[in-house]
Amino acid sequence: MPEGDVLHRLAATFDQEFAGRACRVSSPQGRFAASAARIDGRTVAGAHAVGKHLFVGFVGAPPAEPLWLHVHLGLYGSWRFAGDEDFAAPPSIGAPRVPVEAASPREGAWRPPEPVGQVRVRLSTDHGVADLSGPTRCELLSDAERRSVEAALGPDPLAPGASTDGAARRRFVDGVRARRRAVGELVMDQSIVAGVGNIYRAESLFLAGVSPLRRGDRVSRTRLGALWDIVCRLMAHGLEAGRIETVDPGDAPEPPLSGDPEASRWYVYHRTGRPCLRCGTPVREQAMQGRRLFWCPSCQR
DNA sequence: AACTTATGACTAA
DNA sequence: TAGTCCTAAGTTG
């Protein structure tokens, strides 16, 4: 479920709330028990995200080599957080879509709550815990292994300075131009651009006016460059806002469609058959690689 | 209780 | 392209 914006927020949360602290690592569910034992008690060095991949670094006493916890949330993985009054993490990041309620006011010394549901990994410090459930990937990597995972990814629109990084922009444009597959498939290909998922695909292609069905090698460099800029802008906004919002206020109908502001939170995503917010043409939907694809056949050529 | 859905990605054929 | 994996919530019967 999460796209790159969520992963970068997650990395920032771990960096702020866990870095520099000694950390207990366990696997309440049991499936990560052996790996958890290898880093239990180590200190968190820091965390970062590349695309949809999260890396949390753990330093050990020499000669133990540093190890990275590598997590990919997949379609429905999530982290839940809880901690004392100085613990600034949100209640959850990732699925479930409806955030869990904040913990009730605590009194006295903070104590970690019991894990709820299937918790693959629990990271626990003296002021907060993070529980991971439902990841599609969760493993321990050496630094070399971490670098090779990152090397397989395309440019990340949320990497520091990405929006003004000409080389990253060119890598994206060249990557798409080199293939005959549909652009709609290419922007979801993590080796072409890292972090774009089903919502950013639909919305960025709409804003760029590019049909997702058009072959990559038949989209002009100019339009692909503009598409990269749009992806950078949308994802930076999502990271800041804490949720994916793509509709320019000038395009939002007033009063809101069917009285529901959420009905025009996106231009085309999940709006099959409803009028395009720009031109009124019914939004179209078709399956692409097993995912639902949405676009306006009139605005997107 | 069974079925459906979800912001993902891999493998086999 | 189909099947598989990971989990929880919502809908249907």
Side-chain angles (χ1 to χ4, degrees), chain A residues 1-11 27-33 35 49-54 69-80 90-101 114-122 130-139 148-150 152-154 156-158 181-182 184-207 212 230-231 234-247 262 265-272 285-295:
Chain A
M1 132 185 207
E3 304 191 29
D5 58 319
V6 170
L7 271 295
H8 281 266
R9 196 173 323 125
L10 204 45
S27 179
Q29 174 203 55
R31 293 182 53 173
F32 194 69
S35 296
V50 182
K52 299 171 187 173
H53 298 251
L54 171 71
L69 175 63
H70 172 220
V71 173
H72 193 301
L73 293 176
L75 201 46
Y76 39 69
S78 73
W79 287 91
R80 283 176 198 258
S92 78
I93 295 182
R97 263 125 284 213
V98 183
V100 296
E101 281 181 35
E114 283 302 304
V116 176
Q118 296 290 311
V119 176
R120 183 82 59 91
V121 182
R122 163 167 283 197
D131 286 347
L132 170 66
S133 80
T136 197
R137 274 176 92 175
C138 175
E139 60 191 352
S148 83
V149 169
E150 294 186 13
L153 297 169
D156 182 345
L158 287 177
R181 284 161 56 214
E185 297 181 17
L186 296 172
V187 295
M188 289 268 285
D189 181 332
Q190 301 301 299
S191 70
I192 303 281
V193 48
V196 172
N198 210 18
I199 298 181
Y200 284 120
R201 157 170 83 176
E203 300 295 287
S204 62
L205 286 169
F206 172 84
L207 285 167
I230 287 164
V231 169
L234 291 184
M235 292 184 71
H237 177 80
L239 175 58
E240 170 124 22
R243 62 181 216 150
I244 303 178
E245 301 169 328
T246 59
V247 177
E262 294 294 293
R265 175 170 165 196
W266 298 309
Y267 285 103
V268 291
Y269 181 78
H270 274 193
R271 295 196 67 243
T272 311
E285 172 180 353
Q286 88 173 40
M288 182 178 267
Q289 297 167 134
R291 309 299 300 283
R292 297 170 73 187
L293 170 71
F294 308 86
W295 81 103

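Just so we're on the same page: letters track the sequence lines, and every chain starts at 1.
- Proximity of a side-chain donor or acceptor of Gln190(A) to a complementary backbone N or O of Met188(A) within less than 3.5 Å is detected.
- As a whole-Å value, the separation of Asn198(A) CG from dT5(B) P is 14 Å.
- Residue Glu3(A) is in base contact, counting any heavy-atom pair closer than 4.0 Å across all strands shown.
- Of the N and O atoms on the side chains of Glu245(A) and His237(A), at least one donor lies less than 3.5 Å from an acceptor on the other residue.
- For dG8(B), the OP1/OP2 oxygens have no side-chain nitrogen or oxygen of His72(A) closer than 4.0 Å.
- Here the side chain of Arg31(A) is nearest to one of dA9(C), dA6(B), dT7(C), namely dT7(C).
- Put simply, CH2 on Trp266(A) is 11 Å from P on dA6(B), counting in whole angstrom units.
- Taking the side chain of Gln118(A) as heavy atoms from C-beta on, and the options dA9(B), dA8(C), dA6(B), the nearest nucleotide is dA8(C).
- With rounding to the nearest 0.5 Å, the separation of CG in Leu132(A) from CG in Leu69(A) is 7.5 Å.
- Residue-level contact check: Gly290(A) touches neither bases nor backbone, having no heavy atom under 4.0 Å from any strand.
- For the OP1/OP2 pair of dT1(C) and a distance below 4.0 Å, the side-chain nitrogens and oxygens of Gln289(A) include no atom meeting the criterion.
- The phosphate of dT7(C) has OP1 or OP2 within less than 4.0 Å of a side-chain N or O from Gln29(A).
- When the P atom is used for both dC5(C) and dA13(B), the distance is 15 Å, rounded to whole Å.
- Across all strands shown, Ile244(A) has heavy atoms under 4.0 Å from base atoms, whether or not it also approaches the sugar-phosphate.
- Between His53(A) and His70(A), the two ring planes are parallel [angle under 30°; tilted spans 30° to 60°].
- To the nearest 0.5 Å, the span separating CG on Leu239(A) from CG on Leu234(A) amounts to 12.5 Å.
- Not one side-chain nitrogen or oxygen of Arg137(A) sits closer than 4.0 Å to the OP1 or OP2 atom of dG8(B).
- Phe294(A) has its CZ atom 11 Å from the C1' atom of dA6(B), to the nearest Å.
- In terms of phosphate contacts, His53(A) brings no side-chain nitrogen or oxygen within less than 4.0 Å of OP1 or OP2 of dG8(B).
- Taking the P atom of each, dA9(B) and dA9(C) are spaced 23 Å apart, rounded to whole Å.
- Among dT7(C), dA9(B), dT5(B), the nucleotide with an atom closest to any side-chain atom of Arg292(A) is dT5(B).
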